[in-house]
There are 2 protein chains.
Amino acid sequence: MSTETLGEKLRQIREQNELPLRKVSALLDIDVAILSKMERGERKLSKEVVLKLADIYKCNPEELLVLFLSEKIMYEIQDEDLGERALKVAEKKVKYLKANKTK
Amino acid sequence: MSTETLGEKLRQIREQNELPLRKVSALLDIDVAILSKMERGERKLSKEVVLKLADIYKCNPEELLVLFLSEKIMYEIQDEDLGERALKVAEKKVKYLKANKTK
DNA sequence: CTATTTTTGACACTTAATGTCAACAATATA
DNA sequence: TATATTGTTGACATTAAGTGTCAAAAATAG
């Protein structure tokens, strides 16, 4: 499985598109330093930035968003022994909510 | 399925043990107001408090901890459409980490 | 060597989380 | 009803976390 972080993936995509941080950060309207840190995991990415980047790079936003969310989840459970059990409970809750969404 | 929050569950357990907030908060060494708010979901619970409460009420800490973690997870994915997919990715990551823990 | 790109760290600013307190409301009991 | 106990609410201060800005330094490319 891929152990690549979202930041690493975004950097890879940016390099494939041969875009310097400077240009992308201008499009995002954020400082170069922040984007650099985001790609290296030193600063947190926000949903908004992820979506804008998907737009800039013309790539599938869902894939990036899923990675983004999964990293937030991983951050919460860290190295907890009960992490897996908690994930299963959360899954049940999500399914339950989805089933009762229209109610 | 149970839609009971951790706070609600803790309140229920406390009432079953017939302990007033005052006594429990003294044991926890936190303000009564905070505990009151924690039980009603107005303040976040911490892992430490959850474990101390399990000890005070002599109940299974794992069950409470799983609920605690699952609520943190749910908070992260909120009402995201991709929440379920993200959970599955997170599960894979946890399994991967567990498999390579000793490495 | 020079220009461009990227990284690093200091700093200020903003927002979220946490603790403390006292007044108030609700409930139980004499 | 009066009193004591328990629980709730909101204001306030403090602390920690997250964010943005900038400039100097390091790395890389031409």
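Note on naming: letters A, B, ... go to the chains in the order of the sequence lines (proteins, then strands), and numbering restarts at 1 for each one. All of these numbers come straight from a predicted model, not from anything done at the bench.
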Rounded distance in Å - CG (Leu35(B)) to C1' (dT8(D)): 12 Å
Distance, rounded to the nearest Å, where Arg43(B) contributes CZ and dT9(D) contributes P: 13 Å
Do the side-chain N or O atoms of Ser36(B) get closer than 4.0 angstrom to the phosphate oxygens (OP1, OP2) of dG7(D)? no
Under 4.0 Å between any heavy atoms, over every strand shown, what does Ile34(B) touch: base, sugar-phosphate, or nothing? Just pick one. base
Ranking dC21(C), dC22(D), dT18(C) by distance to the side chain of Asp31(A), first place goes to dC22(D)
Is the base of dG7(D) touched by the side chain of Arg40(B) through a donor-acceptor pair closer than 3.5 angstrom? no
Would you mind reading off the distance between Glu18(B) atom CD and dT27(C) atom C1', rounded to a whole angstrom? 15 Å
Polar side-chain contact Lys37(A)-dG20(D) base: donor and acceptor under 3.5 Å: no
Nearest-angstrom distance from the residue atom CD of Glu39(A) to C1' of dT6(C): 10 Å
With clusters defined by side-chain heavy atoms of hydrophobic residues (ILVMFWY) lying less than 4.5 Å apart, directly or transitively, does Leu51(B) cluster with Leu35(B)? yes
Tell me if a side-chain donor or acceptor on Glu71(A) pairs with a main-chain N or O of Leu6(A) at a distance below 3.5 Å. yes
Does Arg14(B) place a side-chain N or O at less than 4.0 Å from the phosphate oxygens OP1/OP2 of dG7(D)? yes
Counting only heavy atoms not in Asp81(A), do more than 12 fall under 6.0 Å of its CG? no
Going by modelled atom types, is there a donor-acceptor pair between the base of dG7(D) and the side chain of Arg11(B) at under 3.5 Å? no
Of Tyr75(A) and Ala33(B), the one whose closest nucleotide on DNA chain D sits nearer the 5' end is Ala33(B)
Nearest 0.5 Å please: distance from the CZ atom of Arg11(A) over to the CG atom of Leu21(A). 5.5 Å
Rounded distance in Å - CE (Met38(A)) to C1' (dT6(C)): 16 Å
Rounded to the Å, how far apart are Ile30(B) CD1 and dT8(D) C1'? 15 Å
Does Glu18(A), at its CD atom, have more than 12 non-hydrogen atoms belonging to other residues, nucleotides or ligands within less than 6.0 Å? no
Please report the distance, rounded to the nearest Å, between NZ in Lys23(A) and P in dT5(C). 8 Å
Of the nucleotides dA23(D), dT6(D), dT5(C), which one has an atom closest to the side chain of Pro20(B)? dT6(D)
Minimum-distance nucleotide (side-chain atoms of Leu21(B) versus dG7(D), dT7(C), dA22(C)): dG7(D)
Mind calculating the distance between NZ (Lys44(A)) and C1' (dT15(C)) to the nearest angstrom? 13 Å
